[in-house]
Asks: 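If you scroll down you'll find the structure; I have some questions about it.
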Number of protein chains: 2
Amino acid sequence: MQADNPTRAEKLATAIADGILDGTLKPGLRLDELGLARQHGVSRTPVREALRQLMQSGLIDMRPRKGAVVSKATPLQVESLFVAMAEMEATCARLAAMSMTPIERRRLQARHDAMTALAAAGDPDAYSDANVAFHSAIYAGAHNAPIAEFALGLRRRVGPFRRAQFQVEGRLLRSNQEHDAVVRAILSGDAAGAHAAMLHHVSLVEDAFETFAATNAA
Amino acid sequence: MQADNPTRAEKLATAIADGILDGTLKPGLRLDELGLARQHGVSRTPVREALRQLMQSGLIDMRPRKGAVVSKATPLQVESLFVAMAEMEATCARLAAMSMTPIERRRLQARHDAMTALAAAGDPDAYSDANVAFHSAIYAGAHNAPIAEFALGLRRRVGPFRRAQFQVEGRLLRSNQEHDAVVRAILSGDAAGAHAAMLHHVSLVEDAFETFAATNAA
DNA sequence: TGGGCATCGATTGTATGCAATGTCGGCAGG
DNA sequence: CCTGCCGACATTGCATACAATCGATGCCCA
């Protein structure tokens with residue numbers, strides 16, 4: 001029981017969050033404190049603290065004496081999440097265009113070039129990983145911790161709803177083209193252009209989700 | 001000990017948050033769990049839960065075994081907060097221009113007209129209150145819960161740094177003029193214009209803070 | 001005299017126990 | 001048969017007790 005610098009409550013928080021985000025813990029499921037405690041081999045105390053943390057991040061809902069349930073996102077709420085993420089991405093791009101250092105700009109360009117190659121090679125998995133890093137780089141380039149954290153949290157929360165986005169035929173190349181517009185605007189310091197290009201890019205992701213959802217609703 | 005529907009942890013969280021925001025608990029101050037518990041007449045458990053909640057909202061910093069301290073905002077971090085708030089206000093204005101219902105638009109217009117009267121009358125206190133409501137109305141008009149909540153949280157956090165903004169001579173009238181531009185853009189559905197106008201407006205608040213800070217740093 | 005180290009105190013992390021409250025099932029009355 | 005009340009149960013909120021870790025103080029030795 002040594003070398004657990006991350007506290008039990010922290011580990012529980014991430015474990016439960018992972019469970020929610022990867023679909024193991026389904027929306028609406030009641031999170032019983034004692035059950036979770038036994039399941040993870042700890043007492044209720046760290047469970048309670050983990051739950052409180054998750055509540056703040058919006059992954060679960062807790063009402064004073066009614067326990068905790070996995071947030072059940074209505075389609076409207078999911079829509080809000082996508083809109084919010086699009087806006088935050090666009091905002092980060094705007095700020096990045098104004099704030100990125102020359103080194104960050106060069107690295108962004110390098111990332112983008114690498115992704116262009118991946119898109120041409122047609123490797124969805126590698127592209128997807130690189131895509132996450134690409135967007136994270138823009139968050140970081142905004143040089144604004146509060147916004148970057150919020151954007152990261154949003155991305156985590158919308159994650160479950162856009163799993164297969166790069167499976168769609170031709171999405172890779174289009175995504176890369178859109179990235180190109182974003183990168184050019186950022187590198188040239190065009191704040192408004194970066195905002196618009198990123199908004200366009202992420203809104204298309206949202207459209208892809210809606211198409212996907214509509215298809216699966218049949 | 002009845003009728004405490006808000007749980008003790010919740011009440012503690014708000015109490016401590018108020019203490020931080022109104023300056024009673026100064027940045028850098030160590031928050032001793034046992035001390036807080038005794039001070040509020042409860043045990044450590046609800047204190048811990050309250051602290052965890054405050055950590056998530058950014059008001060305090062906690063490190064695994066090193067306790068909690070009131071977040072000490074460096075000037076750079078304060079700057080980040082102001083930038084973030086400006087961006088979120090602008091984003092809300094953008095979304096509001098696209099999403100507000102006719103009723104909301106009429107109410108916004110009414111609010112603005114009332115504030116114009118207050119500005120003309122030169123009543124800083126009443127204007128300040130109305131100003132909060134005005135901006136909140138725009139948050140709500142964005143019709144996006146995640147963004148609105150984030151914006152509200154940011155406004156709370158920057159609050160302590162912009163107390164006397166309307167004390168500056170002539171600020172009232174200028175503020176009202178800027179609001180006018182924002183309102184016109186929103187009412188006409190000009191998303192980009194609303195974004196720009198709000199960004200301009202809030203950035204001026206930031207400038208006022210910097211002037212204030214620079215003056216007081218002497 | 002200065003540095004390394006052991007031990008102590010303080011404080012946090014975790015576990016468990018108790019009291020209070022919400023929930024579910026059964027029962028009486030209409 | 002349905003509706004409303006009542007009591008037992010389950011679960012949460014809180015308090016207290018125990019364990020583990022960090023920091024500091026003082027001592028010993030070079």
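Treat the numbers as computed from the prediction; the structure is a model and nothing was measured. In what follows, chains are A, B, ... by sequence order, proteins preceding strands, each numbered from 1.
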Asks: Which pairs count as salt bridge (Lys or Arg N to Asp or Glu O under 4.0 Å) when at least one residue sits in residues 85-100 of chain B, sequence neighbours excluded?
Replies: A:Glu87-B:Arg94, A:Arg94-B:Glu87
Asks: Below 3.5 Å is the cut-off: list the nitrogen or oxygen pairs between protein and nucleotides 7-12 of chain D, distance only.
Replies:
residue	atom	partner	partner atom	Å
D:dT12	OP2	A:Asp32	OD1	3.3
D:dT12	O3'	A:Pro64	O	3.2

Asks: Taking salt bridge (Lys or Arg N to Asp or Glu O under 4.0 Å) as the test, write out the residues that go with A:Glu49, two or more places apart.
Replies: B:Arg48, B:Arg52
Asks: Between atom CD in A:Glu10 and atom P in D:dT21, what is the gap in whole Å?
Replies: 16 Å
Asks: Do A:Asn144 and A:Tyr139 have side chains that get closer than 4.5 Å, going by heavy atoms?
Replies: no
Asks: Any donor-acceptor pair under 3.5 Å linking the side-chain atoms of A:Arg65 with those of B:Thr7?
Replies: no
Asks: Residues of residues 50-62 of chain A with any non-hydrogen atom less than 4.0 angstrom from an atom of DNA chain C: list those, numerically ordered, please.
Replies: none
Asks: First locate atom CD1 of B:Ile147, then atom CG of B:Leu154, and finally report the distance between them rounded to the nearest 0.5 Å.
Replies: 11.5 Å
Asks: Specify the closest pair of heavy atoms between B:Pro27 and B:Val70, including all atoms of both residues, with the distance to one decimal.
Replies: CA-CG1, 3.7 Å
Asks: Using side chain to side chain donor-acceptor pair (under 3.5 Å), reason through A:Ser136 and A:Arg155 one step at a time and then give a plain yes or no.
Replies: CA-CA 10 Å; A:Ser136 294; A:Arg155 193 172 63 189; 2.8 Å; yes
Asks: Could one point to a donor on the side chain of A:Thr7 or the base of C:dT14 with an acceptor on the other under 3.5 Å away?
Replies: no
Asks: According to salt bridge (Lys or Arg N to Asp or Glu O under 4.0 Å), who are the partners of B:Arg44, at least two apart in sequence or on a separate chain?
Replies: B:Glu33
Asks: Where along residues 36-43 of chain B does a heavy atom come under 4.0 Å from DNA chain D, residue by residue in number order?
Replies: B:Val42, B:Ser43
Asks: Drop me the distance from A:Arg105's CZ to A:Leu108's CG, to the nearest 0.5 angstrom.
Replies: 9.0 Å
Asks: What I'd like to find out is whether the side chain of A:Asn176 reaches to under 4.5 Å of the side chain of A:Leu172, using heavy atoms alone.
Replies: no
